Amino acid sequence: MTDAIAYERIGDIAVLKAQNPPVNALGIDIRTGLLAGIERAESEGAKAVLIYGDGRTYFAGADIREFGQAPKDPYLPDLCNRIEASPLIVVSALHGTALGGGLEVALSSHYRVAVPSAKMGLPEVHLGILPGAGGTQRLPRVAGTEAALEMITSGRQVGAKEALAAGIIDKIAEGEPREIGLAYTQELLDQGAPRRAVGEMPAPQAVDFDAIYEATLKKGRGQLSPATCVRAVQAAAESPSLEAGLKRERELFMELMNSDQRLGLIHAFFSERAVSKLPELKGVAPRDLNAIGVIGGGTMGAGIATAALLAGLSVVMLEMAPEAAEAAKGRIAGNLKGALKRGKISEDQFTQMTEDALTLATDYAALSDVDLVIEAVFEEMSVKKEVFGKLDAVCKKGAILASNTSYLDVNEIAACTSRPEDVIGLHFFSPAHVMKLLEVVVADKTAPDVVATGFELGKRLKKISVRAGVCDGFIGNRILSTYRKAADHMILDGASPYQIDKALTGFGFAMGPFAVADLAGLDIGWAMRKRKRAEGMDPRERDSAYVDKMCEAGNFGQKTGKGYYVYEAGKRGGTPNPEVSDLIAAERAEQGISPRVFSDEEIISRYMAAMVNEAAKVVGEGIARRPLDVDMTLLFGYGFPRYRGGPLKWADIEGLDKILANIKSYAKEDDFFWQPAPLLEQLVAEGRTFDDLNKENS
Ligand code: T1G
């Protein structure tokens, strides 16, 4: 026996308790312990076996950290078959989250009881794989084909009630898993209940698997695992035996296990958890965080206030005039009504948030007692300085002064206060109560406990918080402006915005850069180009004015009904705006450019090379601490396809030497834009990867 599984005998029942915190992952020690426990129970004449998990949960799946290593015997699929084949009745008592291989162990047990709060599911699709220990064969046998297909292709967790109704579990009981497990097992023994192997149940009904496969593939936008799951469940319905179905499941599992998408999605899984863990914050306690102030009740300010209210914080919303404050409240109430409609909050909670937790104010004095203030006013340095000057005068000692600026220099903002150590950037993404990303922008003098409080706020708001240093555009917007430029250059040289958007949605992005520009508003980019031109651009930098002409004509994208695309009321998406092609043709003629043909492959290579190169500069300069910080920023703030793991994970898989070679060949046309990042050249020269840096800096 291993320590991972404790063996105990209670009467006729052999009790196997899993003790592998934090989530009883089914690593080698657990698997070895389970097999030894079953064999011991059988050899010592027990009549039944009870399996349950110590701590916060039943098995939450295979040990993902073992993926990619040489598999060790006993293998999970074999262990599940062995449990099911036991002559004793085997009972699993579920609590916490019985997920993936965990639910598969439960399904190979003969009976399942759960506490009311238990959740269960087969989320393997989210890791780019499929349930590989019999889940695609056993779940449809107990829950039916459609229900199993929905659970497996979505990876959704279901609650105990829904699981009972679906036939996944047999009983719900209040109490500790050990107690309800023992009671139920004894009840079964007293009733003389038979062994009941799910695998011996009739094969599930066949459905139109081809149609479901095609629909799932389309919905996956290039992600393979959900559609591959359909083929595995199809094997359950169409195979002559369980063994044959399990064999097909294994083949499909290995196909996905050996895929780049599996690498990308598992990188995303662990990076999502690592990104808010900074070595420099070890042992640094955050400051108190109960009441916050928000200045500016526009879309961003109202979204930030909404996120804070939903997280249980009290909010003082400061506006310049009562009407503006009421309008802000209206926006916040509108956001909260959305949460009410989706059942995220109750009517009472809605009222409590809008009437008690939210306070409107027009006088800065109302902010004198809050723990943290977030400024979300007009993106102009002089306005920011005026606001921070006033905050410095009224806020209590120890209050944190944060700016939601998306570009401006947080050091310069901090310098206009007497307490730069209490100033930080908290860059939310619109809509702020929906978008998961939060850039925590650390200025030169920001105190460690202020940084820790920024991350604490992110955790409370259920954000993915990423530490960023101060530079123009921090991590995300800086990299965005570079790959956007690469796209603009391709348009000047012959590509069309629509071909570029199509190539990148084919690559997995939810939207292409030009559809995104229309969504965000073309006036934002216009203001930025005007600011840059006023500051003076390097003459070697390529520029194009055709978009400015669209803006001068009042076409700002979705909000004006026309931009790169034309938008009809009530219709999703837009159709290409014919005026754009004319403007581009005129621009090329003016710049004396003869357009050439671009393949989708070249468009993606150039776009991604620009993104990876700038990201390598951002990491090289320490603006981002680790490559995974960049990956999470692009995943949660810029629609980068999760199954590719992020631009730097993608680059590792693609091959850094290949990307550097591309950059060097593009530099022959434009050596001002295509300057290889020193870090990229260093990694290629040393034969190292961005993942090596992640490991060295975590
Ligand atoms: N393996 C290894 N480590 C795991 C793990 C797992 N399955 N699940 C969680 N952890 C670590 C996690 O990295 C973190 O570590 C800590 O536990 C707490 O997790 C054949 C092959 C269970 C709902 O996909 O969804 O079975 O950061 O911060 O928010 O079919 O973790 O502290 O060092 O997320 O309370 C299928 C994955 C595997 C479930 C808990 N199972 N886990 O959430 O805590 S594939 C999954 C989760 C499989 C078979 C196949 C969540 C959770 P650290 P946490 P949480």
Side-chain angles (χ1 to χ4, degrees), residues 4 18 20-31 34 53 55-69 71-72 74-81 83 94-108 117-139 148 151-159 225-226 228-229 232-233 246 249-259 261-263 265-279 282 436 459-460 462-465 628 632 642 694-695 698:
N20 180 26
V23 296
N24 282 320
L26 288 150
I28 183 63
D29 291 347
I30 287 268
R31 299 196 305 271
L34 279 172
R56 65 189 211 185
T57 183
Y58 185 81
F59 310 111
D63 189 334
I64 305 171
R65 293 175 202 282
E66 290 184 353
F67 288 10
Q69 297 168 14
K72 293 192 186 121
Y75 309 119
L76 192 55
D78 303 339
L79 175 63
C80 287
N81 296 343
I83 291 170
L94 282 52
H95 79 296
T97 49
L99 301 174
L103 183 56
E104 290 172 303
V105 168
L107 287 169
S108 68
S117 60
K119 290 213 171 354
M120 53 211 85
L122 295 172
E124 283 84 346
V125 282
H126 301 319
L127 300 173
I129 55 176
L130 55 77
T136 67
Q137 308 302 302
R138 293 192 173 94
L139 184 65
M151 269 182 74
I152 295 173
T153 56
S154 69
R156 181 172 68 87
Q157 295 182 12
V158 299
S225 50
T228 309
C229 287
V233 174
L246 288 172
E249 176 192 88
R250 176 71 9 197
E251 288 162 3
L252 293 166
F253 177 83
M254 290 317 294
E255 259 177 46
L256 292 175
M257 197 55 137
N258 298 327
S259 70
Q261 295 194 1
R262 188 270 292 181
L263 294 173
L265 286 162
I266 289 189
H267 171 74
F269 177 86
F270 284 120
S271 300
E272 196 177 326
R273 285 156 179 78
V275 75
S276 53
K277 294 191 180 114
L278 296 179
K282 262 209 177 73
K436 292 269 286 178
K459 196 167 161 201
R460 299 253 198 108
K462 296 195 173 46
K463 300 292 184 193
I464 300 291
S465 305
L628 69 88
M632 293 307 100
R642 187 180 171 94
N694 285 328
K695 295 191 185 94
S698 286

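None of these values were measured; they are calculated from a predicted model. Remember, it's 1-based here, ligands and their atoms both numbered in the order they're listed.
For atom 52 (C) of ligand 1, the nearest non-hydrogen atom from the set L122, L103, T97 comes from T97. Comparing heavy-atom distances from atom 39 (C) of ligand 1 across A60, G61, G27 singles out A60 as nearest.
When side chains are defined from C-beta on, R31 does not count as touching L34, because their heavy atoms never get closer than 4.5 Å. Within the 4.5 Å cutoff, side-chain heavy atoms of C80 are placed close to those of V105. Between S117 and H95 the shortest side-chain heavy-atom distance does not fall below 4.5 Å.
In plain terms, the two heavy atoms of I30 and A18 that are nearest each other are CD1-CB, 3.9 Å. E104 and A133 make their closest contact through OE2-N, 2.7 Å (heavy atoms, listed as atom of the first residue, atom of the second, distance). Listed here is the closest heavy atom pair of I129 and F253: CD1-CE1, 4.0 Å. Annotation for A106 and L94: closest pair CB-CD1, 4.0 Å, computed over non-hydrogen atoms. Heavy-atom minimum distance, P226 versus T153: O-CG2, 3.4 Å. Heavy-atom minimum distance, S259 versus G128: OG-O, 4.3 Å.
Under 4.0 angstrom from ligand 1, the non-hydrogen atoms of D63 come from both its backbone and its side chain. Contact annotation: for I64 versus ligand 1, heavy atoms closer than 4.0 Å belong to both the backbone and the side chain. Within the 4.0 Å heavy-atom criterion, the part of L127 lying near ligand 1 is the side chain and not the backbone. Using a 4.0 Å cut-off between heavy atoms, A62 contacts ligand 1 through both its backbone and its side chain. With a 4.0 Å cut-off on non-hydrogen atoms, H126 does not touch ligand 1 at all.
Near A25, with a cut-off below 4.0 Å to any heavy atom, the atoms of ligand 1 are 1 (N). Residue-ligand proximity, F270 to ligand 1, at heavy-atom distances under 4.0 Å covers atoms 13 (O). Below 4.0 Å from some heavy atom of E104 lie the following atoms of ligand 1, by number and element: 20 (C), 30 (O), 49 (C). Near P131, the atoms of ligand 1 lying under 4.0 angstrom from a non-hydrogen atom of the residue are 30 (O).
For the pair R65 and F67, the cation does not sit on the ring face, since its NZ or CZ is not both under 6.0 Å from the ring centre and inside 45° of the axis.
For S271, the side chain to side chain contact (heavy atoms under 4.5 Å, CB included) partners are H267, L628, M632, not counting sequence neighbours.
For G101, a nitrogen or oxygen atom sits less than 3.5 Å from a nitrogen or oxygen atom of ligand 1, counting backbone and side chain alike. Any N or O atom pair closer than 3.5 Å counts here, and P22 shares no such pair with ligand 1. When only interatomic distances are considered, the shortest N/O to N/O separation between R56 and ligand 1 falls below 3.5 Å.
Scanning the protein heavy atoms around atom 9 (C) of ligand 1, the nearest turns out to be V23 CG2, 3.6 Å. Among all non-hydrogen protein atoms, the one lying nearest atom 3 (N) of ligand 1 is R65 NE, 3.9 Å. For atom 23 (C) of ligand 1, the closest non-hydrogen atom on the protein side is L99 CD1, 3.9 Å. Counting only heavy atoms of the protein, atom 36 (C) of ligand 1 lies nearest to G100 CA, 3.9 Å. Nearest protein heavy-atom neighbour of atom 51 (C) of ligand 1: R273 NH2, 3.9 Å.
Residue contact check for ligand 1: G135 places no non-hydrogen atom closer than 4.0 Å to it. For K277, the closest heavy-atom approach to ligand 1 falls below 4.0 Å.
For atom 17 (O) of ligand 1, the nearest protein heavy atom is under 4.0 Å away.
T97 places no side-chain N or O within donor-acceptor distance of the main-chain N or O of L99, the cut-off being under 3.5 Å.
Checked for salt-bridge contact, R642 and E272 meet the test: a charged N lies under 4.0 Å from a carboxylate O.
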